[in-house]
Amino acid sequence: MLLVADPRLFAATPGAPEGFVLRHSLHLREVRKHPFALWARTVEEAWRLLPGPADRLVGLVVTPGDSPRVEPLEGGLLHLTLPAEVLVSKEVVRLLLDMLEQLESARQEVYRLNLELERWRNDLQRHITEQVEFRENLMREIAERRTAEEAARHSQRWLEAIYDSVSEGITLHDLTTGVVLEGNRCARRMMGREDLEGLPLEDLVATPAALDELRSAGEEPRVLEWALRGTGEDLLWVEASLRRTLIGGREVVLVTCRDITERRAAEQERRRLENQIQHTQRLESLGVLAGGVAHDFNNLLMAIQGNVELAMLDLEADSPVRVSLREALRASQSASDLCGQILSYSGRGCFDMEPLDLSLLVSELGRMFGASILNKASLVWNLDADLPQVMGDAIQLRQIAMNLILNAAEAVGEQPGEIRISTRLHHCTHWDLGQALLGELCQPGDFVALEVEDTGCGMDETTLRRIFEPFFTTKVLGRGLGLAAVLGIVRGHRGALRVDSKPGIGTRFRVLLPPFIESVEPSSPESGSGESPAVWSGTGTILVVDDEELLRTLLTQILERHGFQVLQARDGQEALRVFQGLQRIDLVLLDLRMPRMDGFETCQALRALDSKVPILMMSGHQDSSLVAGKATLGIQGVLQKPFQSGELRDLLRQVLDPANLQEGR
């Protein structure tokens with residue numbers, strides 16, 4: 001049985017307790033709208049009558065009982081047990097409903113307060129959680145910061161160690177003023193300063209445009225060469241890399257310097273050596289050319305002199321033509337001397353080498369130069385008497401000294417000055433030889449030095465580079481062969497030559513000759529008999545081998561005048577054919593320079609056919625190899641073109657004396 005105590009909603013039903021209306025069902029909207037009182041005989045019966053789901057309802061479940069009692073039920077309902085006499089009072093029911101409504105209001109307030117308390121508790125819990133998380137984050141951040149600071153300190157120490165241990169100087173500069181902000185240990189060592197901070201760029205860098213170059217630095221590195229003012233007087237050349245960067249919000253220029261002083265010096269030395277080698281090669285080429293020209297010129301002079309001598313033989317002793325011919329001979333001899341100078345320049349001269357005392361050799365020139373130098377220069381001699389001997393040609397070495405002293409006198413001119421001639425022992429290193437002409441062909445060690453130094457006008461770089469070129473001269477009447485010949489003679493003596501000169505200060509020539517080590521047998525001079533060409537004549541057959549037809553013809557005429565039969569060959573191969581075709585040849589007159597087979601090869605081939613046949617060698621070059629050839633190939637004599645018929649006659653008489661000729665050999 002369902003009873004609701006609100007008469008406004010439900011009509012009264014007879015037989016129900018007072019204040020309750022009997023209903024057989026109760027909708028959810030009815031029990032949700034107002035507090036209600038449900039009368040049932042038991043609680044179970046009340047649950048069956050309530051609509052479901054009926055959570056959170058505000059009402060009373062009233063059941064009859066012995067005494068009043070209230071207990072909570074599920075869903076927010078209260079179970080009220082009342083005696084039967086109380087149920088009959090409508091006022092009691094209304095009072096209970098009012099109390100229930102107040103109780104519900106209180107309960108709602110409590111619920112609201114509980115919700116508020118729960119929200120406060122949740123907020124407090126959230127704050128506590130946030131504080132815990134904040135504290136944990138703070139502790140973690142502190143730990144991370146400590147780790148980061150330790151790592152930063154370690155990195156700082158590591159970077160400082162690298163910064164100070166690198167082999168390149170590193171400096172930071174203010175972009176505007178160039179003032180040094182900081183520098184590493186290498187930079188301080190380069191500058192020779194303990195502290196670089198605050199120094200202007202001009203105090204460190206000697207390059208005039210350094211500040212402008214620093215200000216124009218960009219983000220990409222720019223590499224330049226700077227000259228730094230180091231600890232000494234010499235400048236320190238560095239390869240500077242400039243890059244603009246931002247450090248601590250400030251624009252600075254990072255400069256990295258690498259010491260290239262030695263590399264720069266090596267490059268300059270390499271360029272100097274390249275220039276010297278090119279100069280030497282150029283002089284060598286000119287020497288080859290000069291030697292070739294002199295060879296051909298000597299052949300022509302030989303033909304001129306020989307034909308003039310033959311013409312003089314055919315003239316009467318009182319013929320006026322003899323005067324002209326003698327002048328022609330004198331002119332040809334001067335031309336021969338000029339060829340000698342050219343051959344000396346080429347370094348292919350045939351030197352009469354012997355051990356010599358250079359100081360004694362040079363001192364012999366003192367008397368001659370004391371009277372011949374017609375200016376105000378004074379000669380100062382400083383000759384070392386205890387020098388080791390040198391292996392050289394006395395005539396050629398005198399020519400060196402004479403040319404250098406005459407050039408020094410020309411440089412001094414009419415002004416008061418001094419010419420110092422000295423000899424001494426000079427030790428040369430690789431670097432010393434690298435500064436000298438022909439030094440690359442010499443080995444480091446002790447050299448006997450001849451120095452000629454003057455206080456004359458000196459030479460500029462342009463003139464200094466050309467003084468050894470043949471036919472280059474600064475003199476009005478000079479031929480430009482003096483110094484060229486000096487260089488050639490030095491080359492022939494396996495020496496070196498250094499020149500130092502400054503305009504207005506003077507010039508110093510230093511000739512370096514290797515000291516004498518091995519003794520070489522000097523060749524004995526071959527002197528003529530002094531007789532006229534017509535006095536002596538011989539007999540026999542002579543084979544003339546020369547590639548110049550003009551000379552073959554001339555030599556044939558000269559030899560035939562001396563009573564010989566003459567056979568001709570234009571080269572070595574033809575000479576071998578002629579030699580093999582005859583049973584008797586008393587002498588071979590052989591030219592050294594020929595096509596296909598030269599004189600040495602031809603001589604070796606002739607020696608294989610006949611080891612005893614006399615051989616005379618002719619050469620338009622003054623070849624030093626002829627000295628060795630005389631000993632190794634058994635050459636009986638050497639004739640230097642151009643030679644006179646008397647020289648040929650004397651040599652033939654020496655080799656083919658009639659008393660020594662063997663008939664039928």
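Values below: every heavy atom of this structure, side chains too, minus hydrogens, waters and symmetry copies. Keep in mind that what you see is a predicted model, and the values were worked out from it rather than measured.
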Does CD belonging to Glu461 count more than 12 external heavy atoms closer than 6.0 Å?
no

Taking the side chain as every heavy atom from C-beta outward, state whether Gln636 and Leu616 have any pair of such atoms under 4.5 Å apart.
yes

Would you say that Leu609 contacts Phe579 through its side chain, given a criterion of any heavy-atom pair below 4.5 Å between the two side chains?
yes

Once you round to the nearest 0.5 Å, how far does CZ of Arg570 lie from CG of Asp547?
11.0 Å

Calculate, to the nearest 0.5 Å, the distance between atoms OG1 and CG belonging to Thr423 and Leu513 respectively.
11.0 Å

Between Ile400 and Met402, does the side chain to side chain contact (heavy atoms under 4.5 Å, CB included) criterion hold? Intermediate values first, please.
CA-CA 6 Å; Ile400 289 178; Met402 290 174 60; over 6 Å; no

Against Thr556, only a single residue in Arg561, Gln568, Gln565 fulfils side-chain hydrogen bond (donor to acceptor under 3.5 Å, both in side chains); can you say which?
Gln568

Would you indicate whether the side-chain heavy atoms of Leu651 and Leu639 approach each other to under 4.5 Å?
yes

Determine whether a donor-acceptor pair (N or O, by modelled atom type, separation under 3.5 Å) exists between the side chain of Thr507 and the backbone of Ser501.
no

Determine the minimum heavy-atom distance between Val412 and Glu418, stating which atoms define it.
CG2-O, 4.5 Å

Asp586 side chain vs Thr541 backbone, donor-acceptor pair below 3.5 Å:
yes

Kindly check if the number of other-residue, nucleotide or ligand heavy atoms within 6.0 Å of NE2 (His430) is above 12?
no

State whether Arg508 and Asp500 are salt-bridged, where the test is any N-O pair (Lys NZ or Arg NE/NH1/NH2 against Asp/Glu carboxylate O) under 4.0 Å.
yes

I'd like to check Leu356 versus Glu354 (side-chain heavy atoms, cut-off strictly below 4.5 Å). Are they in contact?
yes

Glu549, CD atom: more than 12 neighbouring heavy atoms under 6.0 Å
no

Around atom CG of Leu582, are there more than 12 heavy atoms of other residues, nucleotides or ligands at under 6.0 Å?
yes

Work out which heavy atom in Thr455 is nearest to a heavy atom in Gly417; give both atom names and the distance.
OG1-CA, 3.4 Å

So how far is it from Asp571 CG to Thr602 OG1, rounded to the nearest 0.5 Å?
7.5 Å

Would you say that His427 contacts Phe447 through its side chain, given a criterion of any heavy-atom pair below 4.5 Å between the two side chains?
no

Scanning both residues in full, the closest heavy-atom pair of Ser359 with Leu383 reads O-CD1, 3.6 Å

In sequence, state the C-alpha distance, the side-chain angles, and the governing distance for Val511 and Leu404, and then conclude on side chain to side chain contact (heavy atoms under 4.5 Å, CB included).
CA-CA 10 Å; Val511 178; Leu404 294 181; 3.9 Å; yes

Gap separating the CZ atom of Arg510 from the CD atom of Glu453, nearest 0.5 angstrom
9.0 Å

Taking the side chain as everything from C-beta on, heavy atoms only, tell me whether Met597 gets closer than 4.5 Å to Leu576.
yes

On a heavy-atom basis, which atom in Ile615 and which in Cys603 lie closest, and how many Å separate them?
CD1-SG, 3.6 Å

Is the shortest distance from a Lys or Arg side-chain nitrogen in Glu647 or Arg649 to a carboxylate oxygen in the other one below 4.0 Å?
no

Quick check: does any side chain N or O of His493 sit under 3.5 Å from a backbone N or O of Asp393, one acting as donor and the other as acceptor?
yes

Heavy-atom donor-acceptor pair, Gln640 side chain to Ser619 backbone, under 3.5 Å
yes

Nearest heavy-atom contact between Ala449 and Leu512 is CB-CD2, 3.8 Å

Indicate the atoms forming the closest heavy-atom contact of Cys442 with Leu433, along with that distance.
O-CD1, 3.7 Å

Please examine the side chains of Ile395 and Leu397, heavy atoms only from C-beta on, and report whether any two atoms are closer than 4.5 Å.
no

To the nearest 0.5 Å, how far apart are CZ in Arg491 and CG in Leu438?
5.5 Å

Derivation of the side chain to side chain contact (heavy atoms under 4.5 Å, CB included) call for Arg577 and Glu574
CA-CA 5 Å; Arg577 289 194 297 269; Glu574 185 175 346; 3.7 Å; yes

Pair Arg420 + Glu451: basic N to acidic O under 4.0 Å
no

Do Leu652 and Leu587 come within less than 4.5 Å of each other through their side chains, counting heavy atoms only?
yes

Atom pair CE/CZ of Met391 and Phe516 - distance to nearest 0.5 Å:
4.0 Å

Worked verdict on Arg494 versus Leu441 for side chain to side chain contact (heavy atoms under 4.5 Å, CB included):
CA-CA 8 Å; Arg494 295 181 176 86; Leu441 304 177; over 6 Å; no

Are Gln573 and Arg596 close enough that a side-chain donor and a side-chain acceptor fall under 3.5 Å?
yes

I'd like to know if the side chain of Asn407 and the backbone of Asn403 have a donor-acceptor N/O pair within less than 3.5 Å.
yes

